[in-house]
Amino acid sequence: DIQLTQSPSSLSASVGDRVTLTCRASQSISSFLNWYQQKPGEVPKLLIYAASTLQGGVPSRFSGSRSGTDFTLTISSLQPEDFASYYCQQSYSIPYTFGQGTQVEIK
Amino acid sequence: QVTLKESGPVLVKPTETLTLTCFVSGFSVGNGRMGVAWIRQPPGKALEWLAYIFSNAEKIYTTSLQDRLSISEDTSKSQVVLSVTNVDLGDTATYYCARIVAGESPMGFVYAFDVWGQGTMVTVAS
């Protein structure tokens, strides 16, 4: 199975900060990588698919990129509604797997 | 509007079979490479993909649980059913159904879960 390792596991940031979350795959997955946001008590929401394509309706402050097996989710200017957990997920091979998540907290 | 909604028992005893139903509206399973997936999340833990179905002839399971899972669809009722046999405490989780779709990308089609149900919490306890 492909392992996805997210870092950091949690971070504290302030409104307006630029935040970068990382997801590292245990082997090459091309760009078959998606990002989800989950607020406490809520359902996960698809933010980005294929490593860098923004899902419709998602604010442009979110962006994704890939460098080899390392994937990055960047929030250019953190907003109050962005405090949540973020999960990466690969759809390169079965079984589809998720990372363990990064929790973004208010500083 | 695309919606999915899960239904199932709140409490299941160890060794029993858990049966969950996903009621789908706003799209047809298997139409245009759209299907239904099941994903679960134990309390305070990460998400785990379990299975997906595009038709009763095209269904895939996670390898670690494939001997205990069964997924099927009833197109006439717009329902997808997931069964988990011989449950144990480790199956306690919120179970979500979600639409799985193929998004176009420079590499081809990339599958993602774009619309999720509200989830249903299942506790395994004696």
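Just so you know, these numbers come straight off a predicted model, no measurement behind them. Here is the naming used below: chain letters follow the sequence lines, and residue numbers restart at 1 for every chain.
- Under the 4.5 Å side-chain contact rule for hydrophobic residues, B/Val101 and A/Tyr92 do not share a cluster.
- Minimum interatomic distance between B/Ala112 and A/Tyr49 (heavy atoms only, all atoms of both residues): CB-CB, 4.2 Å.
- A distance below 6.0 Å separates the ring centres of A/Tyr96 and B/Tyr52.
- Nearest heavy atom pair, residue B/Tyr61 against residue A/Ile94, reads O-CG2, 3.9 Å.
- If you take CD on A/Gln55 and CG on B/Asp114, they are separated by 5.5 Å, rounding to the nearest 0.5 Å.
- Both B/Trp116 and B/Ile100 are assigned to one and the same hydrophobic cluster, defined by single-linkage of ILVMFWY side chains at heavy-atom distances under 4.5 Å.
- Using a 4.5 Å cut-off between heavy atoms, A/Glu42 contacts chain B through its backbone alone, with no side-chain atom that close.
- If you measure heavy-atom distances from A/Tyr36 to chain B, the contacts under 4.5 Å come from the side chain alone.
- Residues A/Trp35 and A/Leu4 are members of one and the same hydrophobic cluster, defined by side-chain heavy-atom contacts under 4.5 angstrom among Ile, Leu, Val, Met, Phe, Trp and Tyr.
- Between A/Gln38 and B/Gln41, the closest side-chain pair of non-hydrogen atoms falls below 4.5 Å.
- Shown are B/Phe113, B/Trp49, B/Tyr111; of these, the side chain to side chain contact (heavy atoms under 4.5 Å, CB included) with A/Ser91 is made only by B/Tyr111.
- Heavy-atom distances place both the backbone and the side chain of A/Ser31 under 4.5 Å from chain B.
- Counting heavy atoms of neighbouring residues, nucleotides and ligands inside a 6.0 Å radius, atom CZ of A/Arg24 does not exceed 12 of them.
- Most heavy-atom pairs under 4.5 Å with chain B: of the set A/Gln89, A/Gln100, A/Lys45, this distinction falls to A/Gln89.
- Of all the listed residues (B/Thr63, B/Leu47, B/Val115), the one sharing the greatest number of non-hydrogen pairs under 4.5 Å with chain A is B/Leu47.
- For chain B, the nearby part of A/Tyr87 is the side chain; its heavy atoms alone come within less than 4.5 Å.
- Transitive grouping of hydrophobic side chains (ILVMFWY, heavy atoms separated by less than 4.5 Å) brings B/Ile53 and B/Leu82 into a common cluster.
- B/Ile39 touches chain A through its side chain: at least one heavy atom from C-beta onward sits under 4.5 Å away, while N, CA, C and O do not.
- Hydrophobic clustering, with ILVMFWY side chains joined whenever heavy atoms are under 4.5 angstrom apart, groups A/Phe32 together with A/Phe71.
- Note: A/Asp1 CG to B/Thr62 OG1 = 6.5 Å, rounded to the nearest 0.5 Å.
- Of all heavy-atom pairs between B/Ala46 and A/Gly99, the closest is CB-O, 3.7 Å.
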